[in-house]
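The structure under discussion appears below in the form of structure tokens.
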Amino acid sequence: MIVEWFVGFHPRYLRALSGSLTMTGLWGHCEIWGYTVDDTWIFIDPQGRGGTRVVVTHLYDEVLAQLEARHILCETILKLPAEGEFSFLPVFPPMTCASIVGHILGIRAFTPAGLKRKLLRKGAEIVHDTQGRPQG
């Protein structure tokens with residue numbers, strides 16, 4: 001059972017890391033990770049058409065590398081305690097990264113901005129925020 005969830009929000013972009021133009025990047029991107037009572041971490045990154053990347057590890061070096069990568073890639077990271085009950089929300093296509101992450105948390109959302117707003121209203125704590133900082 002997950003103890004705490006972390007939701008990372010990537011900045012909006014017009015070009016993907018591969019250099020190709022992407023319209024979905026205009027909404028931004030989000031991913032989720034958390035840990036269990038026995039310090040096993042799960043990192044879930046819904047990539048859209050590229051599939052979903054899932055990493056499950058308990059090795060200190062791997063967890064540290066994943067967390068450092070998330071702090072570099074994410075513009076904002078929110079932390080919230082996991083709720084014991086999972087509420088089922090029907091999700092209809094098209095599935096976005098925000099709808100997948102929201103489904104895991106029991107929140108209905110379509111865009112990362114909407115998910116972020118709902119999580120902050122729910123009481124999520126901001127643990128990392130680079131908005132307003134100079135680029136570079």
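Sequential numbering from 1 along the given sequence is applied to the chain's residues. Side chains included, hydrogens not; waters and symmetry mates left out as well; all remaining heavy atoms used.
- Hydrophobic cluster membership differs between V54 and L67, with clusters built from Ile, Leu, Val, Met, Phe, Trp and Tyr side chains linked at under 4.5 angstrom.
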task: Under the side-chain contact (heavy atoms from CB on, under 4.5 Å) rule, what do V101 and W5 come out as? Steps first, then yes or no, please.
output: CA-CA 10 Å; V101 169; W5 285 115; over 6 Å; no
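- Heavy-atom minimum distance, C30 versus D45: O-OD1, 4.3 Å.
- Between the CG atom in L59 and the OG1 atom in T40 there is a gap of 9.5 Å [rounded to 0.5 Å].
- Atom CD1 in I44 sits 13.0 Å away from atom SG in C97 (nearest 0.5 Å).
- L119 contributes atom CG, which lies 13.0 Å from atom CD of E125 (distance to the nearest 0.5 angstrom).
- Within 6.0 Å of NE2 on H71 lie more than 12 heavy atoms contributed by other residues, nucleotides or ligands.
- As a member of the Ile/Leu/Val/Met/Phe/Trp/Tyr network built from side-chain separations under 4.5 Å, I72 groups with nothing else and remains a singleton.
- Judged purely by atom type and a 3.5 angstrom limit, S99 has no side-chain atom pairing as donor or acceptor with the backbone of F110.
- Checked against side chain to side chain donor-acceptor pair (under 3.5 Å), R117 has no partners two or more places apart in sequence or in another chain.
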query: For H10 and L73, what are the C-alpha separation, side-chain angles and deciding distance, and is it a side-chain contact (heavy atoms from CB on, under 4.5 Å)?
result: CA-CA 6 Å; H10 296 235; L73 292 173; 3.7 Å; yes
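- Here CD1 of I126 is found 10.0 Å from CZ of F9. Values are rounded to the nearest 0.5 Å.
- Minimum heavy-atom separation, I2 to E4: CG2-O, 3.3 Å.
- Contact detail for P112 and A98: the closest heavy-atom pair is N-CB, 3.6 Å.
- By the rule that hydrophobic residues join a cluster once side-chain heavy atoms approach within less than 4.5 Å of another member, V56 and I32 end up as members of one cluster.
- For the atom pair CZ of R12 and NE2 of H29, the computed distance is 14.5 Å after rounding to the nearest 0.5 Å.
- Contact record, T57 with F43: CG2-CE1, 4.5 Å, taken as the closest heavy-atom pair.
- One hydrophobic cluster, built from ILVMFWY side chains closer than 4.5 Å, cannot hold both L80 and F6; they sit in different ones.
- Under the 4.5 Å side-chain heavy-atom criterion for Ile, Leu, Val, Met, Phe, Trp and Tyr, I107 and I104 are members of the same hydrophobic cluster.
- Residue pairs satisfying the salt bridge (charged side-chain N to carboxylate O under 4.0 Å, His left out) criterion with at least one member in residues 61-73, sequence neighbours excluded, are listed as follows: E31-R70.
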message: Could you walk me through whether D39 and V63 satisfy the side-chain contact (heavy atoms from CB on, under 4.5 Å) test, starting with their C-alpha distance in whole Å, then the side-chain angles of each, then the deciding distance to 0.1 Å, before giving a yes or no?
response: CA-CA 10 Å; D39 284 336; V63 170; over 6 Å; no
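- Put simply, CG on L115 and OG1 on T96 are 8.5 Å apart, with the number rounded to the nearest 0.5 Å.
- The shortest side-chain heavy-atom distance between L78 and K116 falls under the 4.5 Å cut-off.
- Both I77 and V55 sit in one connected hydrophobic cluster of ILVMFWY residues. Membership requires side-chain heavy atoms under 4.5 Å apart, directly or through other members.
- Between Y35 and W41, the two ring planes are tilted [angle within 30° to 60°].
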